[in-house]
> 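Before anything else, here's the structure in question.
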Amino acid sequence: MSAVTTTTVPAAPAATPDVRPRTRRRGLSPGRRLPAARLAGPLLVLALWAAASAAGRLDPAAIPAPWTVLRTGVHLWTDGTLAGDIATSLQRAGYGFAIGLTAGVVLALASGLSRTGEALIDGTVQLNRAIPTLGLIPLFILWLGIGETFKIAIIAIVVYIPIYLNTHAALAGIDHRFVELAEVQGLSRARFVREVVVPGALPGFFVGLRLGVTGSWLGLVVLEQINATSGLGYLMFQATNYGQSDVILVGLVVYGIFGLVSDSVVRLVERRVLSWRRTLSS
């Protein structure tokens, strides 16, 4: 019998695990939203103001300390002066903002969805934008009198211009492929506006809305110093005559709080309405 020879095949070496350190790729997004992040800046300014006042770096006659302004504000609120002026200012700003918002949206839709509307409206709005709005005050006083009407009209103009410009720009920026797709699908005019135009214009509309809200407060502080008997602007104007810088700062702080709160409300509504978007801010 012949001997059977066997050949031994050397075993393959066991695979060694990759022990090289893995470098984590740095994210490019801004990161997670911090709670109450928008209050950090105002609180820092307040802290610096308080520290400078406590160290005697600020002239109390020109820039009173925060606690002095707070004490003055509490006194004005207690005797009813500040509450009444705030109510009057809110009413004026509310009326003017409502009219400006309606005009801005209607004109933007008419101009953005029709070549005829664009020819008739856009050039006029651009001309109005080039004219300083506060420069129209003397003319509006001649037209509407020196009462409340001209104040509301000026605020409406200040509000409608940014809303129109940003909404119109958003409408013009809608991809034409969506229009072609809507035509292929046979969408009616109403469904086209509801399902294509409105979602496409909302981002620009909210930008204009934020600018309009801020503009209403900026216009109000000037208008309330013209033949007014109440309002925050009137309160500050009277304080100027008597050299009451603490009262002036109370009015400015209230204006700042109103501006910050109203802008935050618009931003909150924007995030809820446009929750379907994935952006850096979200």
Side-chain angles (χ1 to χ4, degrees), residues 30-46 69-70 73 77 82-109 133 151-171 194 197-224 230-233 235-236 249-282:
R32 184 177 301 176
R33 185 183 300 275
L34 300 176
R38 302 193 70 205
L39 296 178
L43 290 177
L44 178 60
V45 173
L46 180 61
V69 175
L70 177 61
W77 181 270
L82 186 59
D85 290 332
I86 288 177
T88 302
S89 296
L90 287 175
Q91 184 177 17
R92 288 171 179 152
Y95 286 152
F97 179 78
I99 296 173
L101 172 63
T102 303
V105 172
V106 171
L107 291 176
L109 290 176
T133 305
K151 297 181 178 66
I152 295 174
I154 293 294
I155 294 174
I157 293 175
V158 173
V159 171
Y160 101 88
I161 290 177
I163 292 178
Y164 169 86
L165 292 176
N166 287 275
T167 306
H168 182 271
L171 289 171
R194 185 175 65 252
V197 173
V198 172
L202 279 177
F205 164 74
F206 277 111
V207 173
L209 187 63
R210 292 178 59 192
L211 295 175
V213 169
T214 305
S216 65
W217 297 115
L218 294 178
L220 187 65
V221 69
V222 176
L223 295 168
E224 287 187 331
S230 60
L232 289 172
L235 178 68
M236 296 168 61
L249 285 175
V250 168
L252 292 177
V253 169
V254 173
Y255 273 122
I257 292 174
F258 282 165
L260 181 62
V261 170
S262 56
D263 184 73
S264 299
V265 170
V266 174
R267 287 166 65 98
L268 178 61
V269 174
E270 179 184 10
R271 285 199 298 269
R272 296 293 176 85
V273 173
L274 302 180
S275 59
W276 48 270
R277 293 197 311 165
R278 300 297 298 173
T279 61
L280 286 178
S281 62
S282 61

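Computation of the quantities below employed the complete heavy-atom set of this structure, encompassing side-chain atoms and omitting hydrogens, waters and symmetry-equivalent molecules. Here, residue 1 is the first one in the sequence, and each next residue gets the next number. As the structure is a prediction and not an experimental result, all values here were calculated from the model.
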> List in chain and number order the residues that pass side chain to side chain contact (heavy atoms under 4.5 Å, CB included) with Val273, two or more places apart in sequence or in another chain; answer none if no residue qualifies.
Leu202, Phe206, Val269
> Atom CG of Leu39 and atom CG of Leu46: how far apart are they, to the nearest 0.5 Å?
11.5 Å
> Taking side chain to side chain contact (heavy atoms under 4.5 Å, CB included) as the test, write out the residues that go with Ala103, two or more places apart.
Tyr160
> The criterion is side-chain hydrogen bond (donor to acceptor under 3.5 Å, both in side chains); which residues satisfy it with Ser89, sequence neighbours excluded?
Glu224
> Please, which pairs that meet ring pair (Phe, Tyr, Trp, His ring centres under 6.0 Å) have at least one residue in residues 249-273, sequence neighbours excluded?
Trp217-Phe258
> According to side-chain hydrogen bond (donor to acceptor under 3.5 Å, both in side chains), who are the partners of Asp263, at least two apart in sequence or on a separate chain?
Arg38, Arg210
> If you round to the nearest 0.5 Å, how far is CG of Leu82 from CG of Asp85?
6.5 Å
> Phe205 and side-chain contact (heavy atoms from CB on, under 4.5 Å): which single residue from Leu171, Asn166, Ile163 fits?
Ile163
> Which value, rounded to the nearest 0.5 Å, describes the distance between Leu107 atom CG and Thr167 atom OG1?
10.5 Å
> Which pair of heavy atoms, one from Pro42 and one from Leu260, lies closest together, and at what distance?
CG-CD2, 4.5 Å
> Using every non-hydrogen atom in the two residues, find where Ile155 and Phe97 come nearest and quote the distance to one decimal.
CG2-N, 4.1 Å
> Show your working on side chain to side chain contact (heavy atoms under 4.5 Å, CB included) between Val253 and Val250 and close with a plain yes or no.
CA-CA 5 Å; Val253 169; Val250 168; 5.9 Å; no
> For Val106, which residues count as a side chain to side chain contact (heavy atoms under 4.5 Å, CB included) partner, sequence neighbours excluded?
Thr102
> Taking only residues two or more places apart in sequence or in another chain, which ones pass side chain to side chain contact (heavy atoms under 4.5 Å, CB included) with Leu268?
Arg271, Arg272
> Donor-acceptor check, side chain of Ser262 to backbone of Gly259, threshold 3.5 angstrom: yes or no?
yes
> Which pair of non-hydrogen atoms, one from Ala108 and one from His168, has the smallest distance, and what is that distance?
CB-N, 4.0 Å
> Drop me the distance from Ile152's CD1 to Ser216's OG, to the nearest 0.5 angstrom.
12.5 Å
> By ring-ring contact (aromatic ring centres under 6.0 Å, His included), which residues pair with Tyr95, not counting sequence neighbours?
none
> Taking all non-hydrogen atoms of both residues into account, name the closest pair between Ile99 and Ala156 and its distance.
CG2-CB, 3.9 Å
> I need the Leu218 CG to Thr133 OG1 distance, nearest 0.5 Å.
11.0 Å
> Taking all non-hydrogen atoms of both residues into account, name the closest pair between Ser230 and Thr88 and its distance.
OG-CG2, 3.3 Å
> So which pairs with a foot in residues 153-171 pass salt bridge (charged side-chain N to carboxylate O under 4.0 Å, His left out), sequence neighbours left out?
none
> As a quick check of understanding, evaluate side chain to side chain contact (heavy atoms under 4.5 Å, CB included) for Leu252 and Leu232, giving each step before the final call.
CA-CA 9 Å; Leu252 292 177; Leu232 289 172; over 6 Å; no
